[in-house]
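Since the structure comes first, as structure tokens, the remarks are kept for the end.
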Amino acid sequence: MSLKKINIDVWLGILFIVGCVYFYKAADEFFDPEAAIWPRGVLVVTAALSAMLLITGIRLTKQGADSGIPEGHVFFGPFVAIIVIAAYAIAMEFTGYFMSTAIFLPLGMFMQGQKSWKVILGVTAGLEIFVYLLFVVGLSLRMP
């Protein structure tokens, strides 16, 4: 059987299960063993759902269903989104939460099709003020 004829759900199920096993093992490194209970529970549920996805993909492959892999241009939007999110996370390390959010939130809204600068600036300012009042003033937390 050609690899192109294998349904995408098979590949995703395998990828997610491998990721769950990796992160389950990584939970051994937690300083407090009790802190690993919740993440491990989530990983077990995720692995079970991934196994169901894998089984579905195997059934679809046996039925000869379409591979489920869309054309290449469909991946462009999510790929750009992942790059922007990674850049946001990296920028947050250097500029802090408020500055990086003030840069990337309007950028993300514009990329999603919001053309009104009043809306973009209003949402950005509103979110920044809300987070500042809630976390910094109200809860006395220091934002990264």
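Both backbone and side-chain heavy atoms feed into the values below; hydrogens, waters and symmetry mates do not.
Atom CD1 of residue Ile6 and atom NZ of residue Lys62 lie 12.0 Å apart, to the nearest 0.5 angstrom. Separation of atoms OH (Tyr22) and CG (Leu43) is listed at 12.0 Å; rounding is to 0.5 Å. For the atom pair Asn7 CG and Thr61 OG1, the distance stands at 5.0 Å (nearest 0.5 Å). Taken to the nearest 0.5 Å, the CD atom of Glu93 stands 9.0 Å off from the CD1 atom of Ile90. To the nearest 0.5 Å, atom CZ of residue Phe135 and atom CZ of residue Arg142 are 15.0 Å apart.
Residues Ile103 and Tyr88 are not in side-chain contact: their nearest non-hydrogen atoms beyond the backbone lie 4.5 Å or more apart. Two residues are said to be in side-chain contact when any heavy atoms from C-beta on lie closer than 4.5 Å; Phe16 and Leu54 fail this criterion. Within the 4.5 Å cutoff, no side-chain heavy atoms of Met99 are placed close to those of Phe94. You'll find the side chain of Asp9 reaches within 4.5 Å of the side chain of Leu60, heavy atoms only.
Checked by atom type and distance alone, the side chain of Ser100 pairs as donor or acceptor with a backbone atom of Tyr97 at under 3.5 Å.
The only option from Ile8, Val10, Leu12 that meets the side chain to side chain contact (heavy atoms under 4.5 Å, CB included) definition with Leu53 turns out to be Leu12.
Around atom CZ of Phe30, more than 12 heavy atoms belonging to other residues, nucleotides or ligands sit under 6.0 Å away. Other residues, nucleotides and ligands contribute only 12 or fewer heavy atoms inside 6.0 Å of the NZ atom of Lys25.
Val44 and Trp38 sit in two unconnected hydrophobic clusters of ILVMFWY residues. Membership requires side-chain heavy atoms under 4.5 Å apart, directly or through other members. Clustering ILVMFWY residues whenever any of their side-chain heavy atoms sit less than 4.5 angstrom apart, transitively, puts Ile82 in a cluster other than the one holding Val80. Both Leu107 and Trp117 belong to a common hydrophobic cluster when Ile, Leu, Val, Met, Phe, Trp and Tyr are linked at side-chain heavy-atom distances under 4.5 angstrom. Residue Leu49 is not grouped with residue Val21 when hydrophobic side chains (ILVMFWY) are merged at heavy-atom distances under 4.5 angstrom, including chains of intermediate members. With hydrophobic clusters built from ILVMFWY side chains whose heavy atoms lie under 4.5 angstrom apart, Met109 shares a cluster with Phe130.
Applying the ring-ring contact (aromatic ring centres under 6.0 Å, His included) criterion to Tyr24, with sequence neighbours excluded, gives no partner residue. Evaluation of the ring-ring contact (aromatic ring centres under 6.0 Å, His included) rule for Phe23 yields no partner, not counting sequence neighbours.
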Listing, residues 118-128 side-chain donor-acceptor contacts under 3.5 Å, not counting sequence neighbours, or none:
from, atom 1, to, atom 2, distance (Å)
Thr124, OG1, Ile120, O, 2.8
Glu128, OE2, Ala102, N, 3.0

